[in-house]
Amino acid sequence: MKIGILAVQGAFIEHERMLQSLGCDCVEIRQKSDLCRLDGLVLPGGESTVQGRLLRELDLFEPIKEMIQNGLPVLATCAGLILLAEDISNDSDRHFQTLPVTVKRNAYGRQLGSFVTRASLGRLDSFEMVFIRAPYIEWAAPDVEILSTIDEHIVGVKYKNQIGLAFHPELSCDKRLHESFVKLCQSMGSSL
Ligand code: GLN
């Protein structure tokens with residue numbers, strides 16, 4: 001199982017460690033040639049504006065968008081969720097737009113926007129959720145599966161091959177979400 005982890009900026013190393021501990025081969029994606037025969041892709045947290053700019057500068061934007069549209073399983077956390085979102089309510093930038101949701105950036109405020117809580121995430125109960133200047137999802141298309149809601153705001157969704165989370169599962173010790181992602185990659189078939 002070969003998982004690519006976008007490594008141009010942000011919290012990619014923690015995803016890598018977690019996936020390696022589950023037996024995955026991980027490739028840090030920094031250039032087009034790194035995008036070879038992947039079974040899955042992680043878009044990590046960080047700063048979505050910077051990531052969006054670097055993706056375009058490094059000619060990664062179009063190939064990655066195409067791979068997602070062609071069904072490559074994606075786990076997108078925080079800034080990664082913003083990259084996938086079809087619409088961003090408080091920003092003029094748009095990125096991959098493969099996930100039919102509207103997100104609000106820095107939705108909990110910039111300064112006091114970091115907190116930890118616990119909630120269910122799909123079938124995973126009592127999942128620790130670390131929020132760092134996080135977005136939340138203001139609107140999701142009817143065919144998007146809602147995995148988690150905190151204070152009436154959507155913070156986790158699944159849509160076809162895409163999992164989008166407003167928080168950082170890689171910063172907790174709980175590996176259940178990454179295990180589910182690896183299963184999704186296995187179920188979507190061999191290398192794309
Ligand atoms: N605030 C960041 C953004 O809007 C996301 C923060 C994160 O990934 N932890 O891009």
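When a ligand or atom number is given, it counts from 1 through the structure's own listing order.
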Would the distance check show the side chain of Q97 and the main-chain N or O of E86 forming a donor-acceptor pair, the cut-off being under 3.5 Å?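 Such a contact is found between Q97 side chain and E86 backbone.
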
Verdict with supporting geometry, R176 and D125, salt bridge (Lys or Arg N to Asp or Glu O under 4.0 Å): CA-CA 10 Å; R176 289 178 294 166; D125 65 328; 3.3 Å; yes

Should the pair F167 and F131 be assigned to parallel (<30°), tilted (30 to 60°) or perpendicular (>60°) ring geometry?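 Tilted, since the angle between the ring planes falls between 30° and 60°.
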
All N/O donor-acceptor pairs, side-chain side in residues 53-62, below 3.5 Å, sequence neighbours left out:
| residue | atom | partner | partner atom | Å |
| --- | --- | --- | --- | --- |
| R53 | NH1 | E57 | OE2 | 3.3 |
| R56 | NH1 | G52 | O | 3.1 |
| R56 | NH1 | H95 | ND1 | 3.1 |
| R56 | NH2 | R94 | O | 2.9 |

Is there a side-chain contact between E170 and E16 in this structure, where contact means two heavy atoms from C-beta onward sitting under 4.5 Å apart?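 No. Closest side-chain heavy atoms not under 4.5 Å.
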
Crowded around D151 CG? As in, over 12 foreign heavy atoms under 6.0 Å? no

Tell me which residues fall inside the under-4.0 Å heavy-atom shell around ligand 1.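 Ligand 1 pocket, heavy atoms under 4.0 Å: G45, G46, E47, S48, C78, A79, I82, R105, N106, I132, R133, H168.
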
